[in-house]
Engineer: 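Starting off with a structure, shown below.
Chain identifiers are assigned alphabetically (A, B, ...) following the order of the sequence lines, protein sequences preceding nucleic acid strands; residue numbering begins at 1 within each chain.
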There are 2 protein chains.
Amino acid sequence: MTTAPTPTPTADWLRLDQQICFSLNAASRAFGGVYRVVLKDLGLTYPQYLVMLVLWEHGDLPVKKLGEHLRLDSGTLSPLLKRLEAAGLVRRERSARDERSVEVRLTEEGTALRERALQVPRRIATATGFDVDEIRELRARLDQLTEALDAAAVEETPGRGA
Amino acid sequence: MTTAPTPTPTADWLRLDQQICFSLNAASRAFGGVYRVVLKDLGLTYPQYLVMLVLWEHGDLPVKKLGEHLRLDSGTLSPLLKRLEAAGLVRRERSARDERSVEVRLTEEGTALRERALQVPRRIATATGFDVDEIRELRARLDQLTEALDAAAVEETPGRGA
DNA sequence: CGCCATTCAGTTGTGTGCAATTGAATTGTG
DNA sequence: CACAATTCAATTGCACACAACTGAATGGCG
C-alpha cells in the first residue's frame with residue numbers, strides 16, 4: 001500500500017524523526033541507569049567502565065589511542081582519567097619517546113578489578129531481555145546508522161569535508 | 001553452525017556487552033553531531049529542540065508534564081528552560097491554580113520557529129540513510145529495549161522496587 | 001641548523017543528565 | 001482547622017561531551 005502517491009506530508013516526517021531520536025536517547029539513558037546500578041559496587045561510572053574495558057582488552061595505551069577506541073577527545077578523557085588515577089586504577093606517565101604523549105597504564109588494583117567486572121556483562125545482558133542474536137542484530141543496525149550519520153555530518157559541515 | 005554446545009565463555013559475554021553499549025553510545029552521539037550541525041541555524045541544541053518539539057505538538061505544559069514526555073527531571077529542565085527563556089522562545093509562569101507548578105508557554109517567536117524547524121526532520125532522515133520502515137523497525141526495537149532496561153533497573157535498585 | 005605546520009594532552013566554557021536536597025504549596029486525615 | 005505526607009520546581013554537586021584554545025613537543029623542509 002502507498003506504493004506511489006501520498007508524498008508523506010512534512011508533519012509525518014517530523015513525527016517520525018522525533019520518535020527515532022527520542023527512542024535512541026531513551027534507550028541510551030536507560031542503559032546508563034542500569035549500568036549506574038550495576039557498576040556502583042565497582043566504584044565506576046559507565047564511561048569509566050568503558051575506558052577500563054578498553055584497557056583490559058588492549059593493555060596500556062596513550063590517551064590518543066584510547067580516544068580513538070571510544071570516540072572521545074582529550075576534553076572528555078583528561079578529567080575522567082584523572083579520576084581513575086585518583087581512584088588508584090590507572091597511572092598516567094609521559095611517554096619517554098614522545099613527550100607530547102601520555103601513556104595510561106593499569107595499576108595492579110586496576111588489573112585486579114577486572115575479576116569483579118566479569119559478572120557485569122551477564123547482568124546487563126539479562127536486563128536487556130534480548131538474546132545473543134537479537135543483540136547482534138541490533139548492534140549491526142546501530143553501527144550502520146552511526147556510519148551513515150558520521151558520513152552525513154562531515155558533508156553537512158561546511159569546511160570539514162576532507 | 002554452533003547449534004548446541006559451546007556454552008559461551010564469560011569473556012565472550014563481556015565482549016558482546018561491550019559492543020552493544022558501545023554501539024548505542026556511538027549512535028546516540030553521532031545523532032547528536034548531525035543535529036548540532038543542522039540545528040545551529042535555529043540556535044538550538046539537541047535537547048532544546050526536543051523540548052520545542054514537545055511544546056509544538058502539545059502546546060503549553062507545566063515543567064512536570066514536559067519532563068514526563070522527555071524522561072527528564074527538573075534538575076535538567078530548569079536550566080535548559082531558562083536558556084530557552086533567555087533566547088525569547090518560551091515564557092515561564094507560575095500557575096495561578098497551583099503555585100507549585102510552572103507553566104512553560106511558547107512565545108510568538110517560539111511558535112514562529114516551528115516553520116523553520118520543519119525542514120530539519122527531512123535532513124536528519126536523509127542523513128540516517130534509512131527508509132521509513134527501517135526507522136520504524138529500529139524504533140520498535142529500541143523502545144522494547146528501554147522498557148526492559150527500565151524494569152530491570154527498578155528490580156536491581158534495592159529500595160526502589162515498587 | 002632554523003622555522004613552520006602538525007600533533008598531542010590539558011584547560012576553559014557551555015550544556016546536558018542525574019542524585020540529593022531545599023523550600024514553598026497542596027492534599028489527605030483526623 | 002491543624003498537622004503530616006506528598007508534590008513540584010529549583011538548586012547544588014558531580015560527571016560527562018564537545019568546541020575552542022593553549023602550550024609543549026615533534027617532524028619536515030629548506
Engineer: Go through A:L42 and A:L39 one step at a time and tell me if the side-chain contact (heavy atoms from CB on, under 4.5 Å) criterion holds.
Structural biologist: CA-CA 5 Å; A:L42 305 184; A:L39 291 175; 4.0 Å; yes
Engineer: In chain order, what residues pass the side chain to side chain contact (heavy atoms under 4.5 Å, CB included) check against B:E103, with sequence neighbours excluded?
Structural biologist: B:D60, B:P62, B:S95, B:R105
Engineer: Could you list the residues that satisfy ring-ring contact (aromatic ring centres under 6.0 Å, His included) with A:Y35, not counting sequence neighbours?
Structural biologist: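 A:Y35: ring-ring contact (aromatic ring centres under 6.0 Å, His included) contacts with A:F31, A:Y46, A:Y49.
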Engineer: Apply salt bridge (Lys or Arg N to Asp or Glu O under 4.0 Å) to B:D98 and list each qualifying residue two or more places apart in sequence or on a separate chain.
Structural biologist: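 Result, salt bridge (Lys or Arg N to Asp or Glu O under 4.0 Å) vs B:D98: B:R100.
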Engineer: Apply side chain to side chain donor-acceptor pair (under 3.5 Å) to B:E85 and list each qualifying residue two or more places apart in sequence or on a separate chain.
Structural biologist: B:R92
Engineer: At a heavy-atom distance below 4.0 Å, what parts of residues 141-148 of chain A sit against DNA chain D?
Structural biologist: none
Engineer: Under the side chain to side chain contact (heavy atoms under 4.5 Å, CB included) rule, collect the residues that match up with B:S23, sequence neighbours excluded.
Structural biologist: A:R139, A:L142, A:D143
Engineer: How long is the line joining CZ of A:R36 and C1' of C:dG17, in whole Å?
Structural biologist: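 After rounding, the gap between these two atoms is 8 Å.
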Engineer: Return the value, rounded to whole Å, for the distance between atom CG of A:L72 and atom P of D:dC18.
Structural biologist: 6 Å
Engineer: Excluding sequence neighbours, so at least two apart, what forms side chain to side chain donor-acceptor pair (under 3.5 Å) with B:R94?
Structural biologist: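 For B:R94 there are no side chain to side chain donor-acceptor pair (under 3.5 Å) partners, ignoring immediate neighbours.
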Engineer: Could you tell me how far apart B:E93 (CD) and D:dC8 (C1') are, to the nearest whole angstrom?
Structural biologist: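 To the nearest whole Å, that distance equals 17 Å.
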Engineer: To the nearest 10°, give me the bend of the helix from C:dC1-D:dG30 to C:dG30-D:dC1, comparing the axes of its five terminal pairs at either end.
Structural biologist: 10°
Engineer: Can a donor-acceptor pair be found, under 3.5 Å and without considering hydrogens, that links the side chain of B:Q48 to the backbone of B:T45?
Structural biologist: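 Yes; at least one donor-acceptor contact below 3.5 Å.
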Engineer: Output a table of donor-acceptor pairs, distance under 3.5 Å, between side-chain atoms of residues 70-83 of chain B and any protein atom two or more places apart or on a different chain; print 'none' if there are none.
Structural biologist:
unit_1, atom_1, unit_2, atom_2, d
B:R71, NH2, B:D150, OD2, 2.2
B:D73, OD1, B:G75, N, 3.2
B:D73, OD1, B:T76, N, 3.3
B:S78, OG, B:S74, O, 3.1

Engineer: Quick one: is D:dC14 close enough that its OP1 or OP2 comes under 4.0 Å of any side-chain N or O from A:R83?
Structural biologist: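 For D:dC14, OP1/OP2 do not have a side-chain N/O of A:R83 under 4.0 Å.
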Engineer: Mind calculating the distance between CG (B:L80) and P (C:dC18) to the nearest angstrom?
Structural biologist: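 Distance, rounded to whole Å: 13 Å.
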Engineer: In whole angstroms, how far is the C1' atom of C:dA20 from the CG atom of B:D73?
Structural biologist: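 Taking CG of B:D73 and C1' of C:dA20, I get 11 Å after rounding.
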Engineer: Using atom CG of B:D150 as one end and atom P of C:dC18 as the other, report the distance to the nearest whole Å.
Structural biologist: 11 Å
Engineer: Can you name the residues that form a salt bridge (Lys or Arg N to Asp or Glu O under 4.0 Å) with B:D131, not counting sequence neighbours?
Structural biologist: none
Engineer: B:N25 CG to C:dG17 C1': how many Å, rounded?
Structural biologist: 13 Å
Engineer: In this structure, how many angstroms lie between the P atom of D:dT26 and the CZ atom of A:R97, rounded?
Structural biologist: 12 Å
Engineer: Would you please name every residue forming a side chain to side chain donor-acceptor pair (under 3.5 Å) with B:R36, sequence neighbours left out?
Structural biologist: none
Engineer: How would nucleotides 5-11 of chain C be written as a contact map, 5' to 3', with B for base contact, S for sugar-phosphate-only contact and - for no contact, using protein heavy atoms under 4.0 Å?
Structural biologist: --BSBBB
